[in-house]
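Shown next, in structure tokens, is the structure this report addresses.
Every chain is numbered from 1, with letters handed out A, B, ... down the list of sequences.
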Amino acid sequence: MPNPYISSRDQGARSYTEVTDPGYAECAAATFTLDMSQPGYPVLRGACPRCKDFMLYPVLDDVYKTIRSNRSSGTSNAPGKAVDGGRVEPMICTCENEHPERPAGAEGCGAYWSLHLTFEPQ
Amino acid sequence: MSGSVQPGPPSNPEDALVAREYRRLLRGELPRVRAAATVWRNGLAGVLATIAGFSLIRGRSDISQLASPWDAVVGLLLLGALIAGGGAALLLLRATNGPPRMTAVAQLRPIGMADHLEAKAAVRALQRGIAGSLACAALLAAAVGLTWYGPASNETEPQANQALIDVGASGSSAVARQPPRSHLDFLARA
């Protein structure tokens, strides 16, 4: 198994490609940690399984889209799907390093995968 | 609270689209909140300025022409409008510009969440500011309506009668000098 912490800067930056692989989820599950220091606002941190660059990924329940009345808060539901004992979070690489051929407005190296997160009260 | 990370189910391009849309919304979240707050602030300021200007046309002497306790009620309505409007203005400014204070570096954690937390606080301030502005507008409208159509005090009745006499004697210029306090009264006397 390749070292997940060798950055693309050390390997030569990979070009941006929207791609997935079953191994990405396994690699990310092994290397990502769930930062729960702020209750209610978990953040995934670790190395992208494709480009190996460090990335952060906030795991939120909602995000602001537009203002509406209090009955409808104007927030958009975040993409995570609740499953038994946690949620499945679709993820993309959000590293801030340069990747050739990356479209304007895009981020990361283009890799995507999903993780199963479980939250347990201490 | 702690958490564990395990591999999820196989992903497809639709999952990637959903995740990219989420990231796009999250990246532009705070600027979007600020822009919305600016528009709401300007719009509500215009509405309140219009209502306040409209209510000041008659001058505050009209309140003294109201029968008790309606003059006190109008005073309370205006006080409530002042409090609601002042609070709403501060909340809208907070939503537009953020709190005027330094942020402790320790409060920046978790990294990557600071903008979302600020956006959430700004949305709360914006919602409360909008509610306060609407309450201010409603209180102002109630005060103006009560001032115009509320019962007159006995002391002002002779003045109103004199105004009607002036209308008959010298035409509409008397109306501008001493208008009837209530449109309904004017219609009844006509």
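The OH atom of A:Y112 lies 7.0 Å from the OG atom of B:S11; values are rounded to the nearest 0.5 Å. A distance of 9.0 Å separates OG in B:S4 from CZ in A:F119, rounded to the nearest 0.5 Å. Taking CG of A:L56 as the start and CE of B:M113 as the end, the distance is 9.5 Å to the nearest 0.5 Å. Considering CD1 of A:I92 and OH of B:Y22, their distance stands at 10.0 Å, rounded to 0.5 Å. Put simply, CZ on B:R27 and CD on A:E107 are 4.5 Å apart, with the number rounded to the nearest 0.5 Å. Between the CG atom of B:D15 and the CE atom of A:M91 there is a distance of 12.5 Å, given to the nearest 0.5 Å.
Closest of all the heavy-atom pairs between A:A25 and B:G8 is CB-N, 4.1 Å. Closest approach of A:E26 to B:P7, counting heavy atoms only: CA-CG, 4.0 Å. The two residues A:K65 and B:R32 have their closest heavy-atom pair at O-NE, 3.5 Å.
Both A:M55 and A:L115 belong to a single network of hydrophobic side chains, linked directly or stepwise wherever heavy atoms of I, L, V, M, F, W or Y lie under 4.5 Å apart. A:V59 and A:F32 fall within a single hydrophobic cluster, where Ile, Leu, Val, Met, Phe, Trp and Tyr side chains are chained together by heavy-atom contacts under 4.5 Å. Linking Ile, Leu, Val, Met, Phe, Trp and Tyr whenever their side-chain heavy atoms come within less than 4.5 Å leaves B:L44 and B:L93 in two separate clusters. B:L30 and B:L25 sit in two unconnected hydrophobic clusters of ILVMFWY residues. Membership requires side-chain heavy atoms under 4.5 Å apart, directly or through other members. Both B:Y149 and B:V144 belong to a common hydrophobic cluster when Ile, Leu, Val, Met, Phe, Trp and Tyr are linked at side-chain heavy-atom distances under 4.5 angstrom.
If you measure heavy-atom distances from A:P58 to chain B, the contacts under 4.5 Å come from both the backbone and the side chain. Heavy-atom distances place no part of B:A119 under 4.5 Å from chain A, backbone and side chain included.
B:Q6 contributes no side-chain N or O that, together with a main-chain N or O of A:H116, makes up a donor-acceptor pair within less than 3.5 Å.
Between B:P10 and A:P22, the closest side-chain pair of non-hydrogen atoms is not below 4.5 Å. Residues A:L117 and B:V5 are in side-chain contact: their nearest non-hydrogen atoms beyond the backbone lie under 4.5 Å apart.
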Q.
Would B:L26 and A:L60 count as a side chain to side chain contact (heavy atoms under 4.5 Å, CB included) here? Give the steps.
A. CA-CA 10 Å; B:L26 190 59; A:L60 300 174; 3.4 Å; yes
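When the candidates A:G108, A:P90, A:A111 are compared by the number of heavy-atom contacts under 4.5 Å with chain B, A:P90 comes out ahead. In terms of non-hydrogen atom pairs under 4.5 Å with chain A, the most contact-rich of B:K120, B:R23, B:E29, B:R24 is B:R23.
Around atom CZ of B:R128, no more than 12 heavy atoms belonging to other residues, nucleotides or ligands sit under 6.0 Å away.
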